[in-house]
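Order of the sequence lines sets the chain letters (A, B, ...), proteins ahead of strands, with each chain counted from 1. Every heavy atom of this structure was used, including side-chain atoms; hydrogens, water molecules and symmetry mates were not.
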Amino acid sequence: MPYTITDKIWQSHEIAREDEFSLLYIDRHLTHEVTSPVAFSDMRQRGYRVRRPDLSLAVMDHNVPTDSKENPTMDDLSKKQMDALWDNSKTFNVPLLDFYSPYQGIIHVIGPELGFSLPGLTIAAGDSHTSTHGALGSVAFGIGTSEVEHVFVTQTLWIKKPKQFRIKINGKTRKGVSAKDLALYIIGKIGTGGGIGHIIEYSGETVSDMEVEGRMTLCNMSIEAGARSAIIEPDEKVFSYVKDAPLAPKGQEWEEAVDYWRSLKSDPNARYDKELEVDASSIKPMVTWGTNPSMVARVDGIVPDPSEIKDQTLKDEYERALKYMGLKPGQKITDINVDYVFIGSCTNARLSDLIEAAKVLKGKKVSKNVKALAVPGSEWVKRKAERMGLHRIYIDAGFEWRHSGCSMCIAMNSDRLPPGKRSASTSNRNFENRQGPGGRTHLVSPAMAAAAAVYGHFVDLADVDIAEVL
Amino acid sequence: MPEKIEGRAIPLPLDNVDTDQIIPAQFLRLLEKKGLGKYLFYRWRYDERERPKSDFVLNDPRFKDGSVLVAKKNFGIGSSRENAVWALTDYGIRAVIAESFGDIFYGNSIKNGLACIKLDEKTVNEIIEKARDGNLSVTVDLLNKKVIFDGKQVSFEIEEYARRRLMSGQSEIDYTLSHYLDKIEEHEKSMKAFMKTNLSETLKKLIEG
Ligand code: SF4
C-alpha cells in the first residue's frame with residue numbers, strides 16, 4: 001500500500017491505539033512561559049517528573065521585552081510568567097533558553113535553527129504555530145496545556161490522526177512574490193476553515209525550489225487555514241540547513257539520519273483526503289484588508305464591497321471587518337496608509353526574511369509618519385544579521401533594531417499597536433485587538449512591509465527598486 | 001468520575017458561545033487553573049463595577065447549584081485556551097449539552113473530565129424549555145449513552161475513547177502510565193540514534209553561551 005510521509009512518520013511513532021485515538025511518541029517537546037505554568041504546577045502537586053528532559057527545551061519568548069537586555073521594560077505579570085518558567089525549568093531539570101541566553105528566540109525559530117527540530121521526528125509544543133517545524137519534514141503539533149503535561153510526564157500524546165490534504169504548487173513566482181504571499185493566497189482561497197481536521201502536505205516544483213525558511217513560513221501559516229499541522233518532504237536543502245546546527249547529529253549518526261531522511265517521501269500513488277493545485281505564476285504580493293487572514297487582496301486590487309455578497313453571514317462579517325479596520329469598499333490597497341511597520345514573528349523573522357526586507361530598505365528612509373520595528377526571530381538570527389551589516393541598513397533607514405521575541409505579534413510585552421493605528425505586519429494573525437487593543441493589522445511579506453515603511457502606504461514590489469545587499 | 005452525572009440544568013439558549021465569552025483573555029496570564037470559576041462568563045455575569053447582573057442565568061438563585069449547562073450550536077468555538085474548560089469545571093459544571101462544540105474545546109474537555117454531549121436541536125430546545133424554571137434535573141448516563149430528563153431517555157453518540165476517559169475519571173496521564181509504560185520504554189529502546197541522542201550536554205553549552 002502506498003503511504004504519505006505523514007503515514008510513515010505516524011506509523012513509526014504510534015505505540016498504541018484505542019479506537020480512533022493513537023498514542024504517539026513525541027521525539028521533541030518545546031515549551032514557553034505562557035502555556036506551561038499550569039502544567040508544571042499540576043506536576044508539582046501530583047509528584048510527577050519530566051520523563052525526558054533531554055528531549056525537552058524551554059524558551060522565553062511571548063512576554064520578553066525586546067527593547068533592552070540591561071534595562072528592559074517589563075510589567076509584573078510578564079515577569080511572573082518568566083520567573084515561573086525559570087523556577088520550573090530548574091525544578092524539573094528542563095533546559096531553558098532564558099531572557100539572557102545568546103540563543104533565546106521565538107520557539108518556532110530556535111527549534112529548527114538549533115537542530116532541536118529535525119526531519120523524521122514527531123514534535124509537540126504548547127503553541128498553535130508548531131506546524132512551522134513540519135517544513136523540515138517532521139510531524140509537528142500545537143497542543144493544549146493538559147497535553148503539555150502529558151508529554152512532559154509520558155513523552156507521548158493521545159491524538160486522532162488528522163486527515164491529509166495535499167496542496168501542489170507549481171510555476172515560477174513573479175518578482176516580489178514570497179512564501180508569505182503564497183500562504184495568504186491559499187488561505188484566501190480555502191478560507192480559515194479550509195484545513196480543519198487536516199495536515200496539509202505541500203509539494204510541487206515551487207515548493208522544491210523554495211528555500212527552507214520560506215517553507216517554514218508556508219507551514220507556519222497553515223494554522224490560519226484551520227489546519228492541524230503541515231509538512232513538506234525533506235530534501236538536500238533541508239539536510240544542508242540542519243547539518244551544522246549545534247544539536248544536529250554528527251558523524252556516523254548524521255550519515256544514518258540522512259539515509260533515513262532520504263527515504264521519507266510520499267509514495268507516488270498515496271491517497272489524500274483532499275487536494276488542491278495552485279499556479280504560483282499568477283500570484284501577486286498580497287495584503288490582508290480584514291480581521292482574519294482569509295480577508296486578503298492582491299496589492300494591485302481593492303477592498304471588497306460587502307453589498308455585493310449574497311451570503312448574509314459573510315456579508316455581516318465583511319461589514320464588521322471593514323468597520324473595525326476603518327476602510328471603505330472599493331478603496332485601492334495601494335491607497336492605504338500605515339502608521340506602524342512590524343518585521344518580526346515566527347512567520348517572518350528569520351535571516352532570509354531580514355535580508356529580503358533589507359534589499360528594499362537599502363539606501364532608503366522610512367516615511368516620516370511611520371514607526372518601524374525590526375525584531376529578529378532569535379538572538380542568533382540577530383547576530384547573523386549584524387555580521388552581515390544588515391542592522392546598519394535598518395537603523396540608517398530609521399527602523400528600531402530590537403532584541404528577539406514575539407513582540408508586536410501578540411502584544412504581551414510593551415510592543416503594542418495603539419488604538420486606531422494601522423500596521424503593515426509580517427506576523428500571522430490580523431484578529432481584532434491582536435497587536436494591541438483597537439489596533440488595525442495588515443498582514444504582508446517582509447519585503448512588502450519594508451516597502452510600506454518607505455512609502456508610508458502599500459506599494460506593488462514590481463514598482464520598487466530592489467538592491468542587492470550581499 | 002462516575003458513569004452517571006446528575007444535576008440541575010442551566011439553560012443558556014445561545015449559538016456560538018466562544019471561549020472569549022467563557023473566559024476573557026485578561027485572565028489567561030494567571031498561573032493557576034484553580035479559582036477560574038469566578039471569572040466564568042465574566043462579561044455577561046458582571047457589570048463594569050463587578051456587580052452581578054441580575055438578568056444572567058448564573059446570577060439567578062434558582063440555578064445556584066446547577067451543574068449541567070445546556071446551550072445550542074458551536075459551544076466553545078474560538079481560541080485554544082484550556083482556561084475555558086477550567087473555568088467551567090472550577091465553577092462546578094460537570095456536563096455541557098449542546099448541538100455542537102468547537103473542536104479544540106471539545107478535545108480539552110475530555111482531558112478535564114467535563115462531559116460534552118451532543119444532542120439534536122429539538123431535544124436541546126426541549127431541555128432548555130423545561131429547564132427555565134430551575135427545577136429540571138438532568139442525568140447524563142455515560143455507560144448507556146443516554147440523557148435522562150423529565151421521565152424521558154434520549155440516546156447520544158460519543159467517541160469510545162472519550163467516553164472511557166470520562167467514565168474512568170482517572171487522569172489521562174495516570175492511565176497512560178499504568179497501561180502503556182512498558183510500550184513507551186520499548187519504543188524508546190527501538191528509536192533511531194538521531195531521535196534519541198541525549199541533547200543535554202550540547203544544550204548546556206548553548207545555554208551558558
Ligand atoms: S511570534 Fe506570534 S504566532 Fe509566533 S509564537 Fe510568538 S506569539 Fe505565537
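- Using a 4.5 Å heavy-atom cutoff, the side chains of A:Asp27 and B:Lys196 are not in contact.
- Using a 4.5 Å heavy-atom cutoff, the side chains of A:Lys160 and B:Glu159 are in contact.
- Ranked by heavy-atom pairs shorter than 4.5 Å toward chain B, the options A:Glu256, A:Arg52, A:Gln252 are led by A:Arg52.
- Considering CH2 of A:Trp158 and CD1 of B:Ile110, their distance stands at 12.0 Å, rounded to 0.5 Å.
- Side-chain contact of A:Thr145 with B:Arg81: a donor-acceptor pair under 3.5 Å is absent, judged by distance alone.
- Using cut-offs of 30° and 60° on the angle between ring planes, the pair B:Phe194 and A:Trp261 is perpendicular.
- Between B:Leu199 and A:Asp54, every side-chain heavy-atom pair lies at or beyond the 4.5 Å cut-off.
- Side-chain atoms of B:Lys111 and A:Glu147, non-hydrogen and from C-beta on, do get closer than 4.5 Å to each other.
- The backbone N or O of A:Ser146 lies less than 3.5 Å from a partner atom in the side chain of B:Glu82, making a donor-acceptor pair.
- Counting heavy-atom pairs under 4.5 Å between each of B:Lys192, B:Glu186, B:Lys183 and chain A puts B:Lys192 at the top.
- Residues A:Leu55 and B:Met195 fail the side-chain proximity criterion, which asks for heavy atoms closer than 4.5 Å.
- Neither the backbone nor the side chain of A:Phe40 comes within less than 4.5 Å of any heavy atom in chain B.
- Residues B:Thr202 and A:Phe116 are not in side-chain contact: their nearest non-hydrogen atoms beyond the backbone lie 4.5 Å or more apart.
- Interface residue A:Leu96: only backbone heavy atoms are found under 4.5 Å from chain B.
- Counting heavy atoms from C-beta on, the side chains of B:Leu181 and A:Arg51 come closer than 4.5 Å.
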- Item | A:Glu18 and B:Arg164: CA distance, side-chain angles, deciding distance, side chain to side chain contact (heavy atoms under 4.5 Å, CB included) verdict | CA-CA 10 Å; A:Glu18 290 194 12; B:Arg164 277 201 304 278; 2.8 Å; yes

- What's the verdict on side chain to side chain contact (heavy atoms under 4.5 Å, CB included) for B:Ile207 and A:Tyr103, showing C-alpha distance, side-chain angles and the deciding distance? CA-CA 7 Å; B:Ile207 284 164; A:Tyr103 293 93; over 6 Å; no

- Item | Audit row: B:Glu188, A:Tyr25, side chain to side chain contact (heavy atoms under 4.5 Å, CB included) steps and yes/no | CA-CA 9 Å; B:Glu188 284 176 335; A:Tyr25 192 86; 2.5 Å; yes

- Item | Test log, rule side chain to side chain contact (heavy atoms under 4.5 Å, CB included), inputs B:Tyr180 and A:Thr156 | CA-CA 10 Å; B:Tyr180 293 105; A:Thr156 62; over 6 Å; no

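- Heavy-atom pairs under 4.5 Å with chain B were tallied for A:Thr35, A:Asn433, A:Asp75; the largest tally goes to A:Asp75.
- When the candidates A:Leu97, A:Leu23, A:Asp42, A:Ile196 are compared by the number of heavy-atom contacts under 4.5 Å with chain B, A:Leu23 comes out ahead.
- Distance check, rounded to the nearest 0.5 Å: CD of A:Glu149 to CD1 of B:Ile173 gives 3.5 Å.
- Only the side chain of A:Glu20 comes within contact range of chain B, with at least one heavy atom under 4.5 Å from a heavy atom of that chain.
- In this structure, B:Ser171 and A:His150 have side chains that are not in contact, with every pair of non-hydrogen atoms separated by 4.5 Å or more.
- Between the OG1 atom of A:Thr154 and the CD1 atom of B:Ile184 there is a distance of 5.0 Å, given to the nearest 0.5 Å.
- Atom NZ of A:Lys8 has more than 12 heavy atoms from other residues, nucleotides or ligands within 6.0 Å.
- Closest approach of A:Pro95 to B:Leu203, counting heavy atoms only: CG-CD1, 3.7 Å.
- Between chain A and the residues B:His187, B:Lys34, B:Glu160, the most heavy-atom pairs under 4.5 angstrom are made by B:His187.
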